[in-house]
Number of protein chains: 2
Amino acid sequence: MAKKTRSPLTRERVLGAALALADEGGFEALSMRKLGHELGVEAMSLYNHVANKGDLLHGILELVLLEMEIPGEGVRWKAALRKHAVSAHAAYRRHPWACRLAVAPPSLDHVLDVQIRQMEWKLGRLREGLSEHLAYHGLHALDSHITGFTLWELSHNITAENVGDLAARFLRLFPADDYPRTYEHVEQHLTGFGRDTDAFEFGLDLILDGLERQHEPQTRPRKRRTAAR
Amino acid sequence: MAKKTRSPLTRERVLGAALALADEGGFEALSMRKLGHELGVEAMSLYNHVANKGDLLHGILELVLLEMEIPGEGVRWKAALRKHAVSAHAAYRRHPWACRLAVAPPSLDHVLDVQIRQMEWKLGRLREGLSEHLAYHGLHALDSHITGFTLWELSHNITAENVGDLAARFLRLFPADDYPRTYEHVEQHLTGFGRDTDAFEFGLDLILDGLERQHEPQTRPRKRRTAAR
DNA sequence: ACCTGAACACCGTTCAAGT
DNA sequence: ACCTGAACACCGTTCAAGT
């Protein structure tokens with residue numbers, strides 16, 4: 001389970017092995033010592049290819065961010081942003097440690113190019129369909145849904161395997177009579193109640209449709225104020 | 001800076017000191033050894049009042065969750081949920097380490113009473129105004145906005161003090177010509193562009209209003225399907 | 001140029017021994 | 001019943017010494 005290849009150590013190989021280690025063993029399985037062992041080398045050698053652990057973490061986060069799709073010009077702004085968000089969510093699901101890293105970066109100084117490029121793209125597409133004011137808040141709403149929903153989802157982490165255990169334990173701790181709504185909700189998760197609607201996309205559409213509607217308040221004006229500076 | 005009081009050590013005092021330590025020094029400043037020192041005791045003594053560090057963390061998370069307001073019966077469902085969400089966001093802002101803890105709990109087995117009580121309450125109020133299907137997804141959208149927005153906000157952590165530094169460093173790393181939208185957005189943050197609208201509440205209203213509108217699709221029916229099982 | 005042994009300053013936790 | 005010293009198995013990181 002170590003010393004797979006004998007090719008020379010490079011930053012690229014170090015990052016690749018680190019990503020693999022985090023993917024299979026979880027975030028806390030990734031230590032400099034274990035990573036070194038995986039590469040058939042002592043932990044201290046890694047510092048020849050990586051400044052420190054923070055640099056390493058930013059490096060593997062970058063690999064995940066690069067997996068996220070940036071749709072081309074042919075797609076309308078809302079569809080393009082929707083596609084990107086779905087793809088970002090999928091990438092974070094493939095690497096469950098990455099979202100926590102994106103939200104709590106080891107160093108605030110270390111800003112990745114890909115992060116700025118994605119932000120620039122998102123703002124540009126938002127401005128295609130929205131006012132300055134709505135684009136400003138729309139970015140916040142969109143970004144916080146992508147990372148927020150993913151983190152929330154991961155923390156509950158209901159998978160096909162553990163869902164039975166989780167429900168059983170819940171029912172043991174909290175009798176159904178005292179918490180009927182919660183009991184019902186857990187049951188709905190078990191029976192695949194919401195399977196026809198993806199939960200991530202449901203919230204995403206609430207946001208995107210809401211933004212679009214606020215931009216065109218001509219039909220049935222509502223109390224909410226329009227995009228005023 | 002230690003041995004403030006000589007009263008006997010209790011679980012309550014341990015949790016209180018731990019919360020204070022995390023509040024002022026950040027999450028990583030909270031170690032069993034430092035906490036012991038703060039209480040004028042060796043780290044090992046803490047294990048007489050707390051099962052382990054995970055138990056300690058769940059304990060201080062509980063204190064924060066208990067700060068969140070649960071509005072009474074007199075308020076309409078949407079206003080009540082809005083008030084709770086705003087209060088939850090405020091509590092997490094007062095204790096910036098707590099939201100990360102809520103989303104990445106030390107142990108998935110350890111479910112707090114207050115968490116179930118809040119979930120039961122939220123589901124009940126959602127059902128007052130929404131179908132079963134919308135309440136199911138509404139809970140996910142609402143919860144993920146509360147924790148998600150807060151985490152996103154904390155990760156950017158733009159405060160009155162550091163906002164100048166952040167902007168200056170950004171401009172040094174990423175020239176304005178290459179990233180005009182992002183530059184504009186950063187500038188808007190600096191000039192308080194969005195100060196008239198709270199960013200958390202903006203996203204919250206997109207979700208709550210969207211949920212309500214989907215429940216009453218009689219006016220101007222849209223393509224989105226109604227709350228069908 | 002790259003790797004390593006030894007060392008440092010930290011962690012959480014256990015357990016026998018003290019009072 | 002509560003506290004502690006010593007110890008264990010871990011961390012990230014530095015640095016002089018090796019090749």
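First the proteins, then the strands, lettered A, B, ... as listed; each starts at 1. Only heavy atoms go into these numbers, but all of them, side chains included; no hydrogens, no water, no symmetry mates.
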The residue, A:Met32 or B:Ala43, whose nearest nucleotide of DNA chain D is more 5′ is B:Ala43
Can you check whether A:His140 and B:Phe149 have ring centres sitting under 6.0 Å from each other?
-> no
A:Phe202 versus B:Leu211: any side-chain heavy-atom pair under 4.5 Å?
-> yes
Does the gap between the ring centers of A:Phe200 and A:His145 come in under 6.0 Å?
-> yes
Kindly state whether the ring of B:Phe174 and the ring of B:Phe170 have centres lying under 6.0 angstrom apart.
-> yes
Is the closest side-chain heavy-atom distance between A:Asp198 and A:Val86 below 4.5 Å?
-> no
Here the residues of residues 17-31 of chain A within 4.0 Å heavy-atom distance, strictly under, of DNA chain C are none
Contact boundaries on DNA chain D for chain A, cut-off under 4.0 Å to non-hydrogen atoms | D:dC11 to D:dT14
Contact class for A:Met44 vs. all strands (heavy atom < 4.0 Å): base, sugar-phosphate, or nothing?
-> base
Give, ordered by number, those residues of residues 50-61 of chain A having at least one heavy-atom distance below 4.0 Å to an atom of DNA chain D; if nothing qualifies, reply none.
-> A:Asn52, A:Lys53
Go through A:His189 and B:Tyr136 one step at a time and tell me if the ring pair (Phe, Tyr, Trp, His ring centres under 6.0 Å) criterion holds.
-> CA-CA 9 Å; A:His189 271 285; B:Tyr136 176 85; 5.1 Å; yes
Treating a pair as Watson-Crick (purine N1 to pyrimidine N3 plus N6-O4 or O6-N4) or G-U wobble (N1-O2 and O6-N3) with both distances under 3.5 Å, list the stems of 3 or more consecutive pairs that involve DNA chain C.
-> C:4-8 with D:12-16, C:12-16 with D:4-8
Looking at CG of A:Leu126 and CD of A:Glu132, how far apart are the two atoms once the value is rounded to the nearest 0.5 Å?
-> 12.5 Å
Name the residue closer to the 5' end of DNA chain C, choosing between A:Leu46 and A:Arg33 according to the nucleotide with the nearest heavy atom.
-> A:Leu46
Taking A:His84 for its side chain and A:Glu69 for its backbone only, find out whether a donor-acceptor pair lies under 3.5 Å.
-> yes
From the options B:Leu46, B:Val50, B:Val41, select the one residue that forms a side chain to side chain contact (heavy atoms under 4.5 Å, CB included) with B:Leu35.
-> B:Leu46
Residues at least two apart in sequence or cross-chain that pass salt bridge (Lys or Arg N to Asp or Glu O under 4.0 Å) with B:Glu187, listed by chain then number, are none
Say whether B:His95 and B:Glu67, considering side chains only, have a donor N or O and an acceptor N or O under 3.5 Å apart.
-> yes
Applying side chain to side chain donor-acceptor pair (under 3.5 Å), name anything that partners B:Tyr92, two or more places apart in sequence or on another chain.
-> none
B:Ala199 backbone acceptor or donor facing B:Glu153 side chain under 3.5 Å = no
